Amino acid sequence: MAGKSNRGKNRGRGTNSSRSLEPVSSVDSSATSNGDLGLYPISVKTKSGEKLELQLNPGDSVMNLRQFLLEAPETCFFSCYDLILHAKDGSVHHLEDYKEISEVADINVGGCSLEMVAALYDDRSIRSHVRRARELLSLSTLHASLSTSLALQHE
């Protein structure tokens, strides 16, 4: 997930926030002409029903996507979820953490979307959730993490 996000630009837009990992003006619908990575728009439906718009590279791993969602103000407080990819052809794919998105479906054709769905907690995910909650509440982490402070302002 190369590029920059539009973190500060989207505050106050309500439930349809737009998030981009690369500025939209530099993105072509296929691959960019100057040899840059081709990024493709994907909407993400969060567990709270909010929609995010991301620009993904087919070579991005699911773990990179999860890391981005963990740092995004709109989704930083969700810790246990499954990612479901809805392809343009109507097929639905469960995304496994250690795969690249291109291994599951072709996002180059467009019309793909992601959905965060609740998952069952196990011992590991419970510990991870408690650790993340402590991070969000910690003042030292609050000052060190721009995304966390934006998330608190967002609420």
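Index from 1, following the sequence. Values in this document were obtained by computation on a predicted structure and should not be read as measured data.
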Engineer: How long is the span from the CZ atom in Arg131 to the CD1 atom in Ile126, to the nearest 0.5 Å?
Structural biologist: 12.5 Å
Engineer: What are the two closest non-hydrogen atoms of Leu70 and Arg132, and how far apart are they?
Structural biologist: O-NH2, 2.9 Å
Engineer: Does Asp89 have any side-chain hydrogen bond (donor to acceptor under 3.5 Å, both in side chains) partners at least two apart in sequence or in another chain, and if so, which?
Structural biologist: Ser91
Engineer: Quick one, Leu114 and Leu56 - any side-chain contact, counting heavy atoms below 4.5 Å?
Structural biologist: yes
Engineer: If we only count heavy atoms from C-beta on, is the Cys76 to Leu136 side-chain gap below 4.5 Å?
Structural biologist: yes
Engineer: Among Ile, Leu, Val, Met, Phe, Trp and Tyr joined by side-chain contacts under 4.5 Å, find the other residues sharing a cluster with Val117 and list them by chain and number.
Structural biologist: Ile84, Val92
Engineer: Using the rule given for side chain to side chain contact (heavy atoms under 4.5 Å, CB included), can you reason through Glu96 versus Val62, listing the C-alpha separation, both sets of side-chain angles and the distance that settles it, and then say yes or no?
Structural biologist: CA-CA 7 Å; Glu96 296 176 19; Val62 176; over 6 Å; no
Engineer: Side-chain contact, heavy-atom cut-off 4.5 Å: Glu74 with Leu52?
Structural biologist: yes
Engineer: Can you give me the closest heavy-atom contact between Met63 and Asp97, atom names plus distance?
Structural biologist: CG-O, 2.9 Å
Engineer: So, taking the atom named CG in Leu95 and the one named CD in Glu115, what distance separates them when rounded to the nearest 0.5 Å?
Structural biologist: 11.5 Å
Engineer: Mind checking whether Tyr81 and Thr46 have side chains closer than 4.5 Å, heavy atoms only?
Structural biologist: no
Engineer: Asn108 and Pro58: which non-hydrogen atoms are nearest, and at how many Å?
Structural biologist: OD1-CG, 3.1 Å
Engineer: Between NE2 of His93 and NE2 of His86, what distance do you get to the nearest 0.5 Å?
Structural biologist: 10.0 Å
Engineer: For a quick test of reading the model, state the closest non-hydrogen atom pair linking Leu83 to Met116 and the distance between them.
Structural biologist: CD2-CG, 3.8 Å
Engineer: Tell me, please, whether Phe78 has Arg66 positioned over its six-membered ring: NZ or CZ under 6.0 Å from the ring centre and within 45 degrees of its axis?
Structural biologist: no
Engineer: Looking at every non-hydrogen atom in both residues, tell me the closest pair between Val109 and Asp106 and how far apart they are.
Structural biologist: CG2-O, 3.3 Å
Engineer: Which pair of non-hydrogen atoms, one from Ile42 and one from Cys112, has the smallest distance, and what is that distance?
Structural biologist: CD1-CB, 3.6 Å
Engineer: To the nearest 0.5 angstrom, please state how far the OG atom of Ser61 sits from the NZ atom of Lys99.
Structural biologist: 13.0 Å
Engineer: So does Thr75 get a backbone contact from the side chain of Lys47, meaning a donor-acceptor N/O pair under 3.5 Å?
Structural biologist: no
Engineer: Dump the intermediate steps for side chain to side chain contact (heavy atoms under 4.5 Å, CB included) on Asp123 and Arg127, then the final yes or no.
Structural biologist: CA-CA 6 Å; Asp123 289 339; Arg127 285 191 295 274; 3.7 Å; yes
Engineer: Go through the steps for Leu54 and Phe68 under the test side chain to side chain contact (heavy atoms under 4.5 Å, CB included), then give the verdict.
Structural biologist: CA-CA 10 Å; Leu54 303 179; Phe68 180 79; 3.4 Å; yes
